[in-house]
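What you see is a predicted model, and the numbers here were worked out from it, not measured in a lab. In listed order, ligands and their atoms are each counted from 1. We're numbering straight along the sequence, starting at 1. The figures that follow rest on heavy atoms only: side chains count, while hydrogens, waters and symmetry mates do not.
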Amino acid sequence: MSQTLRDKYQLLEEIGRGRFGKIFRCFSAENGGIYAAKVIDKSLLEDATDRECLENEPKIMALLSPHPNIVSIVDAFDSSDESLAIVMDLCGSQNLYDRIARSGRAMAEPDAASLMKQLLLAVAHCHRLGVAHRDIKPENVFFDLRGATVKLGDFGSAVWLGGGSVTGVVGTPYYVAPEVLTGRDYGEKVDVWSCGVIIYIMLSGGIPPFYGDSAEDIFEAVVRANLRFPPKIFRSVSASAKDLIRKMVCRDASRRISAEQALRHPWILGEGQTSERIA
Ligand SMILES: Nc1ncnc2c1ncn2[C@@H]1O[C@H](COP(=O)(O)OP(=O)(O)OP(=O)(O)O)[C@@H](O)[C@H]1O
């Protein structure tokens with residue numbers, strides 16, 4: 001008989017809930033480690049796409065692990081029709097969304113550049129292995145337990161592209177790239193767009209570049225892709241940061257820079273320390 005989650009791990013308290021399951025802190029008697037266990041109740045998976053995505057999640061995490069800026073998978077248990085459990089790195093309780101929301105003001109450029117560099121290292125690793133995350137947003141950017149290292153998580157929407165492209169609307173309104181919404185084939189550059197939106201939000205103190213009162217209004221603004229830097233908000237933001245955002249939040253995916261190229265941009269290389277402050 002195959003081993004179950006509870007044979008190997010002691011489940012401790014619940015630390016989070018997703019659409020299909022719960023996250024627990026857990027203890028391994030075998031190595032004394034403390035991890036996070038995501039337990040998915042398969043009966044809650046309504047359609048075939050959800051089922052496919054969730055069954056893909058541990059496979060994609062295994063392909064990407066280990067990487068210092070990605071939540072690594074440690075173990076997985078699949079009881080074919082009841083539940084799926086993923087044991088992974090335990091992250092701190094604050095994600096990037098909480099950090100932005102709690103501070104209530106624009107993040108200093110060196111802090112934003114240091115976080116973005118780590119996120120781009122994770123994204124470039126995914127892309128090198130043919131994986132697009134497809135749901136990069138501050139809520140999925142976790143930190144290690146010390147709160148120092150970025151860990152990209154939640155690969156529930158990720159897809160293996162294998163050098164090709166896919167279709168299908170996946171993602172979260174503020175962060176989704178226009179080519180996802182227009183129904184065309186798209187590739188891994190959708191993640192670069194989302195990272196560019198995150199830089200904008202970090203440097204604006206929480207204001208997204210494309211917004212509206214409903215999901216439809218946000219989608220329309222995304223498809224128009226009219227990127228602006230209101231002087232009231234961006235007056236003290238460096239020209240270098242804006243240049244990088246423009247190159248990442250670029251409507252034409254073929255002209256949009258890659259994650260590798262973004263890592264070589266002066267704002268990232270100089271860790272957000274720019275001498276100029278011209279609009
Ligand atoms: N590795 C982890 N370490 C610590 N906490 C985690 C970890 N993974 C998830 N969590 C916590 O559990 C919550 C739910 O995570 P999960 O990835 O299942 O779902 P979600 O992204 O909210 O939902 P969805 O099911 O829509 O993808 C997170 O917001 C976070 O607070």
Side-chain angles (χ1 to χ4, degrees), residues 5 8-28 31 33-78 83-102 118-119 122-123 125-126 131-159 168-176 180 190-191 194 197-198 215:
L5 171 70
K8 273 185 86 177
Y9 297 89
Q10 187 188 343
L11 289 196
L12 306 170
E13 78 279 12
E14 184 183 318
I15 52 173
R17 266 180 200 219
R19 270 182 309 148
F20 306 113
K22 296 179 182 169
I23 321 287
F24 298 90
R25 216 159 60 89
C26 70
F27 170 73
S28 159
N31 65 17
I34 299 277
Y35 302 100
K38 180 170 181 168
V39 184
I40 295 154
D41 178 351
K42 287 191 180 175
S43 68
L44 299 176
L45 301 175
E46 280 156 13
D47 57 55
T49 317
D50 285 342
R51 192 170 273 268
E52 201 184 310
C53 277
L54 280 154
E55 292 191 338
N56 262 343
E57 188 174 351
K59 293 182 199 148
I60 287 184
M61 288 180 83
L63 175 69
L64 300 172
S65 301
H67 184 279
N69 301 114
I70 288 181
V71 177
S72 293
I73 190 166
V74 173
D75 231 331
F77 302 87
D78 192 350
S83 67
L84 172 70
I86 298 173
V87 181
M88 57 189 153
D89 289 340
L90 176 66
C91 298
S93 55
Q94 252 201 19
N95 58 37
L96 181 58
Y97 179 88
D98 303 318
R99 281 205 186 178
I100 296 169
R102 272 183 210 169
Q118 297 176 64
L119 180 55
V123 173
H125 176 72
C126 295
V131 171
H133 183 287
R134 298 200 295 179
D135 197 18
I136 295 184
K137 57 182 174 180
E139 294 88 325
N140 288 337
V141 178
F142 297 95
F143 294 92
D144 67 350
L145 289 174
R146 292 181 306 126
T149 304
V150 164
K151 300 259 176 193
L152 175 61
D154 196 355
F155 287 84
S157 302
V159 66
V169 179
V170 177
T172 303
Y174 291 129
Y175 307 93
V176 71
V180 174
V190 297
D191 293 337
S194 309
V197 171
I198 293 180

Does the side chain of Y35 pick up a donor-acceptor pair with the side chain of D75 at under 3.5 Å? no
So, do L84 and K42 sit near enough that their side-chain heavy atoms are less than 4.5 Å apart? yes
Does F27 have more than 12 heavy atoms from other residues, nucleotides or ligands lying within 6.0 Å of its CZ? yes
When you check ligand 1 against the protein, what N or O pairs turn up below 3.5 Å? List the atom names and distances, or just say none.
unit_1, atom_1, unit_2, atom_2, d
ligand 1, 1 (N), D89, O, 2.9
ligand 1, 3 (N), C91, N, 2.9
ligand 1, 17 (O), K38, NZ, 3.2
ligand 1, 18 (O), K38, NZ, 3.3
ligand 1, 21 (O), D154, OD2, 2.6
ligand 1, 25 (O), R19, N, 2.8
ligand 1, 26 (O), R19, NE, 3.1
ligand 1, 27 (O), D154, OD2, 3.0

Side chains of P138 and I198, heavy atoms from C-beta outward: is any pair under 4.5 Å? yes
F143 versus Q94, closest heavy-atom pair with distance: CD1-O, 3.4 Å
Test side chain to side chain contact (heavy atoms under 4.5 Å, CB included) applied to N140 and D135, L96, T172, V71, the passing residue: D135
